[in-house]
Amino acid sequence: MDHGSQQQQQQHPAMIRLYEVQREVQSLGPQVCTFSGLKNEREYRRLERELTRLLLEVDQVDTEGRADLQGARKRAAQEVEGLLRYLEENATHPSRLAIEELSREAQGLVEQGVVEPQRAGGTAEISDELVDAVQELILRLTQVKTGGRVPLRKARYRALTRLCAVQDVIEGRTRQQTLPLSEDTHVAVQRINQVMVQVSGARSQLVALLMGLSGRDSCAHLSRVLTELLVELDALDVSGNAAVRNYRKQVVEEINGLLKHLDLEGEGDDTRRYDLAQNDSIRQIEAVRGRVGQLRGEVLRHCGVGDLFRPKPELQSLLTHLDQVDTARNPCIREARRRAVLEVQAVITFLDLREALICRQPGSNEPPQHRAVWMVLGSLSDLQAQVLCFNGKRADKSYILLEELLTKQLLALDAVDPQGDEMTKVARKQAVKFAQNILSYLDMKTDEWEY
């Protein structure tokens, strides 16, 4: 096509209209690609409506039977249809529905354990069962697979952020329990006690807001209320009385602890927050895991030729490095660090057992039952070497075989009768724990966990 024909095509009314549609599609694209809600949400309906309108406009473009214009219209239609499909796929994805189900489960727990008692005029008693249940839900949320999809990562991050904030609030309530002073202590104590009552109510109100259980209130309103309480406390004259000053300080700390959770309206809009592959802490953890993988390979290679490579000092330093990684109370980062620690510990325990087996010098009067435990430990060491280098899935035959062999070793330990020998009892108990740890590590390696 010469320059004149190309210019004529670009100036054709149909092509001009397709360019206009394309510009609108480009502006909607980022909104679609980061939308993390469900089909019943207003923003979903708006995006769907806008894309459907554009699709109809593309369909109405008159191409006058020209092949070039028909091709351009077809490409524009495919682009709009792709965005519509992506929007629906993410809003109805099984992982997105799983996130919503866990969020609703969390809402039910919090409503029953915190919000309803407060609405009834009482005080919410935070039980250990509630704290444990919230922790369990957080763990389950971290295990939801996103397949790298930005909307799913964003939805999971938002749910986790709010649930972790709730966890922090209710755990703070169980830890601190600031007790009011007698009003005879100082003239300012009466007002501080009144503020304490308001803070208690604000705590339940905050939990309700975080879990979407408060239709009337807003984070901004509660933030203003708490800030006003801080100003009022700051204005109280408590000079000359250390006990009252300390009491006021505790109340101020409680208020500040609540305020830090109120800036969640835009939480998760920054891609770096939920795309943890770009997170500095995750990068540190991955660097450690990479080095552990190298050391593990060296250890297994040396064992294969009857030698023992001992990089324990470096492995211990890697554990120290992991301990210093800042998780920022993010459960996904905490879980990533926990798993990396287990990888390091697996190599260390393998080396410890190998060393113990090499250095073992049984006496002629060693009890047969004690010798039996050591025979099992020898088998476990060989199996652990296979587990360390295993890189398959749970459906693999090699996984099933390893699991069966490890279970057989547990049964063999169970069959050992210590006959009252304390050393054998201790050795068997340690061997059972060792075998269970290998099974847990094998399970962890194959659970397809992601950030």
Are any non-hydrogen side-chain atoms of Val199 and Arg203 less than 4.5 angstrom apart? yes
Least distance between heavy atoms, Ile99 atom then Leu152 atom: CD1-O, 3.8 Å
Closest contact, heavy atoms only, Leu97 versus Thr92: CD1-O, 3.8 Å
Run the salt-bridge test on Arg354 and Asp382 with the 4.0 Å N-O cut-off and return the result as yes or no. yes
Would Ser281 and Thr327 count as a side chain to side chain contact (heavy atoms under 4.5 Å, CB included) here? Give the steps. CA-CA 7 Å; Ser281 296; Thr327 65; over 6 Å; no
Got Ile255 and Leu259 here, is their nearest side-chain heavy-atom distance under 4.5 Å? yes
Taking atom CD as the centre, does Glu81 end up with more than 12 heavy-atom neighbours from other residues, nucleotides or ligands that are less than 6.0 angstrom away? yes
Intermediate values then yes/no, side chain to side chain contact (heavy atoms under 4.5 Å, CB included), Val231 and Glu228: CA-CA 5 Å; Val231 172; Glu228 287 169 6; 5.6 Å; no
Please check this pair: side chain of Lys445 against backbone of Leu388, looking for a donor-acceptor N/O pair closer than 3.5 Å. yes
Are the side chains of Gln369 and Arg428 in touch, meaning some heavy atoms are under 4.5 Å apart? no
Residue pair Leu380 / Leu377, side-chain heavy-atom distance below 4.5 Å: yes
Could you check if a side-chain atom of Pro311 sits within less than 4.5 angstrom of a side-chain atom of Val299, using non-hydrogen atoms only? yes
Stepwise side chain to side chain contact (heavy atoms under 4.5 Å, CB included) test for Leu230 and Asn256: CA-CA 9 Å; Leu230 282 177; Asn256 284 328; 3.5 Å; yes
If you compare all heavy atoms of Val150 against all heavy atoms of Tyr86, which two are closest, and at what distance to 0.1 Å? N-OH, 4.4 Å
Out of curiosity, Arg334 CZ to Ile285 CD1, how far, rounded to the nearest 0.5 Å? 12.0 Å
Within the distance-only criterion (no hydrogens, no angle test), does the side chain of Thr349 pair as donor or acceptor with the backbone N or O of Ala346 below 3.5 angstrom? yes
Using a 3.5 Å distance criterion without hydrogens, assess whether the side chain of Glu41 forms a donor-acceptor pair with backbone atoms of Leu38. yes
For the pair Glu101 and Arg140, find out whether any cationic side-chain nitrogen is under 4.0 Å from an anionic carboxylate oxygen. no
Shortest non-hydrogen contact from Pro418 toward Thr424: CA-CG2, 3.9 Å
Between Arg310 and Asp352, does a salt bridge (charged side-chain N to carboxylate O under 4.0 Å, His left out) hold up when you go through it step by step? CA-CA 9 Å; Arg310 297 178 175 85; Asp352 286 343; over 6 Å; no
Let me confirm one number: the CZ-CZ distance from Phe434 to Phe350, rounded to the nearest 0.5 Å. 8.5 Å
Please determine whether the number of non-hydrogen atoms from other residues, nucleotides or ligands lying under 6.0 Å from atom CD of Gln112 exceeds 12. no
Go through Val21 and Val25 one step at a time and tell me if the side chain to side chain contact (heavy atoms under 4.5 Å, CB included) criterion holds. CA-CA 6 Å; Val21 169; Val25 170; 4.2 Å; yes
What side-chain donor-acceptor pairs closer than 3.5 Å can you find for residues 398-412, not counting sequence neighbours?
| residue | atom | partner | partner atom | Å |
| --- | --- | --- | --- | --- |
| Thr407 | OG1 | Glu403 | O | 2.7 |

One thing to verify: whether Arg338 and Glu335 come together as a salt bridge, which I'm taking to mean a side-chain N less than 4.0 angstrom from a carboxylate O. yes
Side chains of Asn90 and Arg96, donor plus acceptor under 3.5 Å: no
The reported gap from CD in Glu48 to CZ in Arg45 (rounded to nearest 0.5 angstrom) is 9.5 Å
Residues in side-chain hydrogen bond (donor to acceptor under 3.5 Å, both in side chains) contact with Gln436, at least two apart in sequence or another chain: none
Just verifying a value: how many Å separate Gln386 CD and Leu442 CG, rounded to the nearest 0.5 Å? 10.5 Å
Within the side chain of Ser27, is there an N or O that forms a donor-acceptor pair under 3.5 Å with the backbone of Glu24? yes
Can you name the nearest heavy-atom pair linking Glu50 to Arg53, along with the distance? OE1-NH2, 2.8 Å
Got a salt bridge between Asp234 and Arg248, using NZ or NE/NH1/NH2 to carboxylate O under 4.0 Å? no
So, are Lys260 and Asp168 salt-bridged, with charged N and O less than 4.0 Å apart? yes
Quick one: do Glu314 and Arg291 make a salt bridge, cutoff under 4.0 Å? yes
Given 3.5 Å as the limit, does a donor-acceptor pair link the side chain of Arg153 with the main chain of Thr146, or not? no
Does CG in Asp132 sit with more than 12 non-hydrogen atoms of other residues, nucleotides or ligands closer than 6.0 Å? yes
Do Leu222 and Leu258 have side chains that approach each other closer than 4.5 Å (heavy atoms only, starting at C-beta)? no
So, Arg104 and Glu100, do they make that salt bridge, N to O below 4.0 Å? yes
As an exercise, state the distance from CZ of Arg46 to CG of Leu28, rounded to the nearest 0.5 Å. 6.5 Å
Report yes if the side chains of Leu383 and Ile438 come closer than 4.5 Å at any heavy-atom pair, otherwise no. no
Is it the case that the side chains of Gln284 and Arg289 hold a donor-acceptor pair, with the cut-off being a distance below 3.5 Å and no angle test? no
Does Leu319 reach the side chain of Gln316, with side-chain heavy atoms less than 4.5 Å apart? yes
Has the side chain of Gln107 got a donor or acceptor atom that lies under 3.5 Å from a matching backbone atom of Met211? yes
Lys/Arg N to Asp/Glu carboxylate O, Asp443 vs Arg394, below 4.0 Å: yes
At what distance, to the nearest 0.5 angstrom, does CD of Glu20 lie from CG of Leu54? 11.0 Å
Just to verify, which of Val134, Leu130, Leu137 counts as forming a side-chain contact (heavy atoms from CB on, under 4.5 Å) with Gln167? Val134
Lys425 side chain to Gly420 backbone, donor-acceptor under 3.5 Å: no
Taking all heavy atoms of Leu109 and all of Ala133, pick out the closest pair and write down the distance. CD1-CB, 3.6 Å
State whether a side-chain donor-acceptor pair under 3.5 Å links Gln26 with Arg23. no
